Amino acid sequence: MKSVKKSDVKIAVLRIEGTNCEQESLDAFKRLGANPEFVHLKQLLHLDCTKNEKRDIFNYQCIMIPGGFSAGDYIRAGAIFAARIKSKLGKDLEEFVKQEYPVLGVCNGFQVLTELGLLPGIKEIMTSVPDACLYINDSNRYECRPTFLKHENNIKCIFTRKIPKDDILLIPSAHAEGKLLFTLDKQEEYLKKLEENDQIVFRYINKNGEYTGYPWNPNGSISNLAGICNYIGNVFGMMPHPERSFYRHQHPNWVQNGLDNNIGDGIAIFESALDYICKRF
Amino acid sequence: MNIDKLFNRKTDKFECYEIDVFSASDAELVEISNKMGLALALPEMKNIQSYFKNKNRLPTDIELQALGQAWSEHCCYKSSKIPLKKYVFGIAEDKIVAREDAGIIDFDKDHYYCAALESHNHPSAVEPYGGAATGVGGIVRDVLCMGAQPIAYIDPLFFGPLDLPQSELPKGVKHPRFLFKGVVDGIRDYGNRIGIPTLSGQVYFHKGYTSNCLVNVGCIGILKKEELIHSWAKAPGNVYVYVGGKTGRDGIHGVTFASAELKDDSEKSSRSAVQVGDPITKEPVIHATLECNRKGLLEGLKDFGGGGLSCVSGELAYAAGFGAEIVLDDVPLKEEGLLPWEIWISESQERMMFLVAPKNVNEVLHICKQWDVTAAVVGQVIAEKITRVIYKGVKILEMDMDFFTGGPVYDTCQRPFVISTQKENIDPKFDMQNLNDILKKLLGSFNIASKEWVIRQYDHEVRGNTVIKPLQGKINFECNGDATVLKPLEESFRGLAVTANINPRFMERDPYWGACSAIDETCRNLVSVGAIPDSLLDCLNFGNPEKPEKMGEFYEACRGLGDAARELNLPYMSGNVSLYNESVKTSVPPTPQIMGIGIVPDIRKCVTSDFKKQSNYIYLVGKETDKEMGGSEYYNVIKVDGGVVPKTDINILKNYMKAILMAIDKKQIVSCHDISEGGLGVCISEMCIGGDIGAQINLSNVSKNLRSDFKLFSESNTRWVVEVEKEKQKNFEKTLKENKTPFVKIGEIKSDKIVIEDNGKKIIDQKISNLRDIWKNTIWNIMG
């Protein structure tokens with residue numbers, strides 16, 4: 001079985017105007033010894049680029065769409081970024097996912113993946129129109145707060161394979177539009193499918209591990225969903241920010257609980273992806 | 001008065017007038033200033049008149065507009081220079097590496113930190129959302145133009161009372177609730193979108209801010225030492241490259257608007273003075289600017305601030321002893337039909353000016369293009385010390401740099417001031433009420449109640465560097481912290497702590513001791529998390545300086561800020577003066593907002609304000625608690641007028657700070673909170689709320705002669721409450737004794753109630769969950 005060296009794993013941290021969590025996202029992969037780089041969407045579209053600046057999606061083994069307010073999130077969060085990707089790169093991206101390369105979307109990135117039709121990805125890789133949406137929080141405002149997540153994926157999601165099932169993670173959320181919704185007539189069916197397909201990854205819980213409402217579930221997301229993957233397990237989106245809890249000292253309660261070895265709860269997501277890539281390609 | 005006859009069209013190519021200031025009478029000169037919105041007084045107009053008489057030609061409208069901008073109160077501090085020079089400048093100057101749009105100080109061997117603080121008051125009073133948003137944009141540019149990556153944003157806000165009855169709202173004034181919401185929305189939508197965490201601030205409510213809210217904005221940045229860039233030209237031939245947002249009619253006369261009192265009709269008359277912010281233009285401008293600077297492509301850098309293109313191009317050249325030649329035709333415009341003077345002084349947002357060597361221009365334009373950022377060559381630096389502007393081939397402005405940008409010197413024309421006699425200091429006698437009720441009232445008062453409603457709307461985590469958060473404690477039970485701590489560098493555990501303070505009630509009673517108290521509190525806050533105070537920033541918000549008593553308040557505040565900082569050897573690395581914060585009805589209390597920055601040698605040793613563990617000891621550390629009740633929240637809540645404002649002794653503060661810092665460094669303290677508004681009672685309550693844990697307290701050994709209510713609610717300076725583990729007791733007490741720092745062991749952490757006794761009598765007995773509900777819900781309930 002062939003395997004890639006970690007330092008050879010190339011990751012595209014994709015950005016446009018208004019993307020703003022790219023530095024810490026890049027740092028997360030870099031700290032683990034991989035080879036991430038910032039890629040402006042125009043570099044993939046070959047717009048206003050010199051020869052050296054042009055990139056191709058298949059130069060990379062992983063694409064990450066970080067958090068932020070791409071194109072201002074005017075219209076609907078993630079919609080403009082998704083439209084720009086889909087119009088020129090839709091086919092390539094579909095092929096990329098088909099070849100089982102991992103794609104990660106955090107916060108705004110999750111919104112983009114949903115707008116692209118890559119998530120929830122229940123039956124097909126990419127739907128022509130979005131199959132879900134991340135709607136305005138129940139509180140009707142942007143909120144930045146720590147959230148507890150329960151890992152509920154059995155094996156499918158390649159981004160959480162290093163996290164034992166039922167583990168509780170403390171990862172902060174910061175968004176105005178994070179309430180995952182499906183069309184009303186498909187709601188029950190989709191939830192069932194997600195469950196059956198092992199596509200549910202994270203749910204919001206309270207400090208005692210119970211499913212509860214606000215503020216533990218910061219947005220009112222259906223079935224407390226915080227993160228889901230597609231049916232293959234290689235496209236994963238979550239609203240909370242694992243790159244903001246890479247180290248223990250980024251946690252809001254490290255002063256109370258100590259730093260120990262300074263490993264944060266978010267690190268396993270990046271480790272799992274690299275582990276998968278190294279073994280798979 | 002009709003002065004149209006004095007305006008003569010200069011050319012038929014476009015609209016530009018020559019103004020006949022030679023034949024104008026004094027009254028007409030003043031009318032010219034008014035009509036054109038210049039905000040220049042008669043002596044200044046006469047100064048201009050004689051300058052052009054020497055030149056033997058009439059000034060153009062664009063020349064007068066440019067002078068109005070360059071000489072305004074906002075740009076060159078004409079009222080404030082003398083007291084600032086006398087008291088505030090020149091403290092620990094050796095620490096300051098540079099002081100331009102932002103100050104620069106060493107962070108470690110290879111890095112500087114950079115910070116700026118300014119006001120955005122008048123625009124926010126007229127249009128809270130846009131005003132506050134552009135305030136964020138402006139201060140971020142100030143840090144950016146030093147070559148620094150912005151890493152934190154700080155926003156102290158001051159409004160009228162949230163429950164002000166509509167009937168008491170003056171005509172033309174917006175309700176404090178509306179302003180509060182609008183300002184917070186504006187900061188949130190702009191700050192969150194550009195990806196810079198909002199880390200600290202202050203929200204204060206007081207009647208004096210009803211018709212003139214204050215919105216102060218601060219920003220911190222970090223940079224490698226070799227990346228520092230200055231706001232001046234390197235050589236003639238440097239090319240002016242205009243970068244960022246396009247120029248429009250928004251923000252015309254912003255500077256002159258800020259230098260006059262607000263009026264009933266400011267809404268209508270001054271709406272165009274408020275700029276329109278666009279964070280999604282700004283965000284890539286930050287990237288493009290930093291990328292160009294890191295690649296060494298820039299010779300000089302400055303942001304467009306007050307006075308727009310006029311000030312930025314002039315100052316870049318003037319600072320280096322050169323001149324500027326600008327071609328207005330090439331300035332990117334939002335719309336057709338702007339008059340040349342409007343292009344020249346517009347304060348449209350999101351604009352930076354790069355100075356670039358000719359050989360690098362193409363690369364700079366390419367980088368901007370990649371980020372979809374507008375960029376255009378608009379002129380060049382010239383050897384002659386003049387500013388020249390050309391439009392459609394016609395020279396429409398040509399003035400000597402020394403006259404135009406240098407500005408008139410006002411040191412000799414001092415504004416009159418009177419230092420008013422102190423307010424009534426005598427304490428009225430009154431009976432002590434039920435202290436449980438008072439404590440609950442205090443926790444539910446707008447100035448003490450939790451500001452979670454605001455804090456959670458701001459992204460304080462983006463960039464992943466926030467290691468001590470603004471809210472501290474058990475998840476979803478947090479209390480407010482004293483300071484927030486950032487770990488700005490990937491490879492180092494060195495941290496930056498930040499806090500912002502002022503107590504306007506102290507200030508209105510006693511500007512001198514109020515100012516000293518602000519410095520004391522700033523230091524206390526920094527020390528509470530384990531940070532060594534390193535520098536200060538001041539944003540001096542005051543009333544109309546033409547009124548001698550307002551000028552007197554300004555003098556006294558400056559004296560206090562100077563005395564305290566000098567003794568501590570803390571420099572004011574940057575600051576801003578905002579005068580005329582009054583309307584016909586009210587004037588703001590003197591509000592010298594202080595932002596403090598501290599260095600944390602190792603963030604892994606930081607402590608927070610929430611109580612941690614059952615049966616740990618609780619200490620009151622610091623100065624004797626005195627009956628210094630003037631301006632206290634206690635007196636405000638029970639509506640008592642009188643009392644003295646807390647005094648401070650900086651030498652004592654220095655010792656006590658050292659003791660606390662040493663104890664934190666030796667890990668003898670597990671939580672620490674400074675005592676400020678609401679005194680010891682509120683301080684302990686907050687620590688219990690954050691830790692979701694109770695406390696058993698006995699105050700019998702605290703200032704023995706003091707009545708229980710004064711013990712609980714006095715706001716005497718230089719005091720902290722700390723939590724110490726039992727096994728650390730001996731070592732902790734030893735550290736304090738070695739540093740001559742008084743302490744009283746007042747109790748221990750216990751149960752889920754806060755119980756306070758004094759001289760054998762139970763004075764407080766409250767469930768923590770009850771206190772939390774009051775403290776946490778007050779602002780949520782009113783703001784929704």
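Below, chain A is the first sequence line, B the second, and so on; all start at residue 1. Here the structure is a predicted model, which is why all the values come from computation and not from measurement.
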Interface moiety of B/Tyr458 toward chain A, non-hydrogen atoms closer than 4.5 Å: backbone
Chain B neighbours within residues 261-271 of chain A, where any heavy atom lies under 4.5 Å away: A/Asn262
Evaluation steps, side-chain contact (heavy atoms from CB on, under 4.5 Å), between B/Asn476 and A/Arg145: CA-CA 8 Å; B/Asn476 282 336; A/Arg145 56 170 70 248; 2.8 Å; yes
Polar side-chain atom of B/Asn465 near backbone of A/Glu24 as donor-acceptor pair, under 3.5 Å: no
Atom NZ of A/Lys30 with >12 non-hydrogen neighbours under 6.0 angstrom: no
Selection from B/Thr466, B/Ile286, B/Val462 maximising heavy-atom pairs under 4.5 Å formed with chain A: B/Val462
Distance (rounded to the nearest 0.5 Å) between A/Trp254 CH2 and B/Ile468 CD1: 4.5 Å
Straight-line distance of A/Asp48 CG to B/Ile367 CD1, nearest 0.5 Å: 13.0 Å
Chain B contacts, top residue of A/Thr19, A/Leu47, A/Asp73 (heavy-atom pairs, under 4.5 Å): A/Thr19
Pair A/Lys42 + B/Asp372: basic N to acidic O under 4.0 Å: yes
Polar contact flag, side-chain donor to acceptor under 3.5 angstrom, A/Tyr142-B/Asp189: no
Closest heavy-atom pair and its distance - B/Val607, A/Val255: CA-CG1, 4.2 Å
B/Arg456 side, atom CZ; A/Cys144 side, atom SG - distance, nearest 0.5 Å: 7.0 Å
Leading residue by heavy atom contact count with chain B [cutoff under 4.5 Å; candidates A/Arg141, A/His251, A/Arg15]: A/Arg141
Interchain contact, A/Pro172 with chain B, by part (heavy-atom threshold 4.5 Å): side chain
Non-hydrogen atoms of A/Cys49 and B/Gln370 that approach each other most closely: SG-NE2, 3.6 Å
Gap between atom CG of A/Leu170 and atom CD1 of B/Ile475 - 0.5 Å precision: 4.5 Å
Heavy atoms of other groups near A/Tyr135 OH, more than 12 under 6.0 Å: no
Portion of A/Phe246 that has a non-hydrogen atom of chain B nearer than 4.5 angstrom: neither
All ring pair (Phe, Tyr, Trp, His ring centres under 6.0 Å) counterparts of B/Phe180, not counting sequence neighbours: B/Phe159, B/Phe205, B/Trp453
Between A/Glu22, A/His175, A/Arg248, the one whose heavy-atom pairs under 4.5 Å with chain B are most numerous: A/Glu22
Interface moiety of A/Glu243 toward chain B, non-hydrogen atoms closer than 4.5 Å: neither
Distance-minimising heavy-atom pair for B/Glu461 and A/Gln250: OE1-O, 4.4 Å
Leading residue by heavy atom contact count with chain A [cutoff under 4.5 Å; candidates B/Arg188, B/Lys487, B/Gln472]: B/Lys487
Partner set under ring pair (Phe, Tyr, Trp, His ring centres under 6.0 Å) for B/Trp371, not counting sequence neighbours: A/His40, B/His287
Trace of the salt bridge (charged side-chain N to carboxylate O under 4.0 Å, His left out) decision for B/Arg463 with A/Asp27: CA-CA 10 Å; B/Arg463 303 188 61 77; A/Asp27 288 345; over 6 Å; no
Side chains of A/His249 and B/Ile603 in contact at under 4.5 Å (non-hydrogen atoms): yes
Reported CG-to-CG distance for the pair A/Asn20 and B/Asn192, which is rounded to 0.5 angstrom: 8.5 Å
Donor-acceptor contact below 3.5 Å, side chain B/Arg193 vs main chain A/Phe69: no
Segment of B/Tyr190 engaging chain A (4.5 angstrom heavy-atom cut-off): neither
Residue selection (most heavy-atom pairs with chain A, distance under 4.5 Å) from B/Glu452, B/His366, B/Lys282: B/His366
Interchain contact, A/Ala71 with chain B, by part (heavy-atom threshold 4.5 Å): backbone
Distance-only donor-acceptor check, side chains A/Gln256 and B/Asp610, under 3.5 Å: yes
Salt bridge (charged side-chain N to carboxylate O under 4.0 Å, His left out) against B/Glu490, all qualifying residues, sequence neighbours excluded: A/Arg31
Closest approach of A/Gly18 to B/Glu283 (non-hydrogen atoms, all atoms of both residues): N-OE1, 2.9 Å
Side chain, backbone, both or neither of B/Lys369 within contact of chain A (heavy atoms, under 4.5 Å): both
Max heavy-atom pair count under 4.5 Å with chain B, selected residue of A/Ser245, A/Cys21, A/Pro252: A/Pro252
